Amino acid sequence: MVKNCEALIEVKNLKKYFHVGNSQTLKAVDNVSFEIYKGETFGLVGESGCGKSTTGRTIMGLIEATSGYVLYEGKDVQHGKKSKRNRKELYRKMQMIFQDPYASLNPRMTVSDIIAEGIDIHGLARNFDDRLKKVFNLLETVGLNREHANRYPHEFSGGQRQRIGIARALAVEPDFIIADEPISALDVSIQAQVVNLMKELQQERNITYLFIAHDLSMVKFISDRIGVMYLGSIVELAESNRLYEEPLHPYTKVLLSAIPQPDPVTERRRERIIPKGDIPSPINPPSGCRFHTRCPLAMNICKTSEPKLLNIKEDQWVACHLY
Ligand code: SF4
């Protein structure tokens, strides 16, 4: 069950369109609405190109929305960032962890300077010794040690680099972290370690996460609620256990059927649902239900009428004409 229903983030009718030449428009995010409650992890899942990362970057204010808005504790993020002071404070409270720990750390900076960058920008250390003490504490918090402070990113493994990225985000004591595919570049054995670290930090520091992923396998272990995106829209949103036990949307069922099972007997019985064809272009998405060109259960109405996201059961919303 979801513990706390007080919203930290409210996303309302968010749209982000990109003009891509020849008068064409790519509808990366098309009328998306959801809330993220204080202290929870909200998972946002979908295939590459479905708009989940653009949603995350628009929430952060890194990309300007075409329309709709994002509220952080009731304050408009896009307009709030127009005032220099508000912008700085919002950037402190909202941090990001990136997919590629190789690309997101400056190779010419020591780990100490990478982690302390935010501390310097926000004036969070009293003096050099205080700054160094904070860096040492952060390294230990993420499972590294103080000897790592003067090394450079190339001296670390992928999992260690992601830990450095997490320490950098934590350095400014944020309330909200967007983790954009933080484990997809890591070995499976390391993925669980990073997810467990993020869970521990959440419990200690009451951090709220938006956890973005392209499949449903690891998201279950960290998310309280999950939104499934397809071609710029949320097609199902549910409490995490409910989504895994009673998925309603045909696309959610496709994603769930793709997860390999650790138990060999269950794995042998797993029936993979393969959708027809490839994901269509968001430049010219299908009419009606955007999934109708691939859906095994499509009906005539699906070609012409776009289903609305409706509250079908407690903690479960779905956009499909079957319900
Ligand atoms: Fe499939 Fe129709 Fe439901 Fe879309 S609305 S997911 S095409 S059954």
Side-chain angles (χ1 to χ4, degrees), residues 11-17 24-35 42-56 66-68 210-217 219-220 223 225-261 269-323:
V11 178
K12 302 245 176 156
N13 306 115
L14 190 71
K15 291 185 182 177
K16 180 62 203 174
Y17 295 172
Q24 289 187 310
T25 305
L26 187 155
K27 296 180 175 178
V29 180
D30 203 11
N31 209 16
V32 162
S33 300
F34 61 92
E35 295 180 341
F42 185 89
L44 198 54
V45 177
E47 284 164 289
S48 167
C50 72
K52 55 195 190 307
S53 291
T54 306
T55 302
T66 304
S67 65
L210 172 62
F211 191 97
I212 297 171
H214 65 267
D215 65 40
L216 278 162
S217 56
V219 182
K220 181 179 185 184
S223 302
R225 293 183 305 136
I226 295 172
V228 178
M229 276 189 90
Y230 184 77
L231 272 187
S233 300
I234 291 192
V235 296
E236 183 158 6
L237 194 163
E239 193 267 327
S240 182
N241 288 332
R242 188 183 286 277
L243 191 90
Y244 283 82
E245 280 155 25
E246 294 176 56
L248 294 179
H249 198 282
Y251 180 60
T252 311
K253 292 179 185 176
V254 165
L255 292 181
L256 282 170
S257 80
I259 304 176
Q261 299 298 312
R269 286 203 204 111
R270 175 166 68 100
E271 269 184 50
R272 182 93 199 262
I273 308 169
I274 311 278
K276 293 180 259 173
D278 294 327
I279 187 164
S281 164
I283 294 174
N284 191 13
S287 58
C289 170
R290 290 175 187 197
F291 190 52
H292 87 255
T293 53
R294 304 176 75 199
C295 179
L297 302 173
M299 306 167 281
N300 277 338
I301 187 179
C302 307
K303 295 178 189 162
T304 51
S305 166
E306 187 174 354
K308 289 195 167 53
L309 190 67
L310 299 176
N311 190 193
I312 302 294
K313 293 181 187 173
E314 196 199 353
D315 295 331
Q316 192 163 20
W317 298 68
V318 66
C320 174
H321 291 306
L322 291 170
Y323 305 98

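Both counts, for ligands and for their atoms, begin at 1 and track the order of listing. Just so it is clear, the values below take in all heavy atoms, side chains as well, and ignore hydrogens, waters and symmetry mates. Predicted model only: the values in this text are computed from it and were never measured.
Looking at C295 against ligand 1, only its side chain comes within 4.0 Å, counting heavy atoms.
Scanning all protein heavy atoms for the shortest distance to atom 2 (Fe) of ligand 1 gives C302 SG, 2.3 Å. In this structure, atom 3 (Fe) of ligand 1 lies nearest to the protein heavy atom C320 SG, 2.3 Å.
Taking the six-membered ring where the residue is Trp, F34 and F42 present parallel rings, their angle staying beneath 30° rather than reaching 60°.
Atom numbering of ligand 1 starts at 1 in the shown order; those under 4.0 Å from a heavy atom of C289 are 4 (Fe), 5 (S), 6 (S), 7 (S). Within ligand 1, counting atoms from 1 as listed, the ones closer than 4.0 Å to a heavy atom of L322 are 8 (S). Of all atoms in ligand 1, listed by their number and element, those nearer than 4.0 Å to a heavy atom of L297 are 8 (S).
Salt bridge annotation for E245-K313: absent, with no cationic side-chain nitrogen under 4.0 angstrom from a carboxylate oxygen.
H321 lies apart from atom 2 (Fe) of ligand 1 in this respect, since none of its N, O or S atoms is found at a distance under 2.8 Å. At a threshold of 2.8 Å, atom 3 (Fe) of ligand 1 has no backbone or side-chain N, O or S atom of H249 nearer than that distance.
Counting heavy atoms of neighbouring residues, nucleotides and ligands inside a 6.0 Å radius, atom CG of N311 exceeds 12 of them. Dense packing is recorded around NZ of K276, with more than 12 heavy atoms of other residues, nucleotides or ligands lying under 6.0 Å away.
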Stepwise side-chain contact (heavy atoms from CB on, under 4.5 Å) check, D215 with I259:
CA-CA 8 Å; D215 65 40; I259 304 176; 6.0 Å; no

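Partner of L231 under the side-chain contact (heavy atoms from CB on, under 4.5 Å) criterion, chosen from P286, C50, S281: P286.
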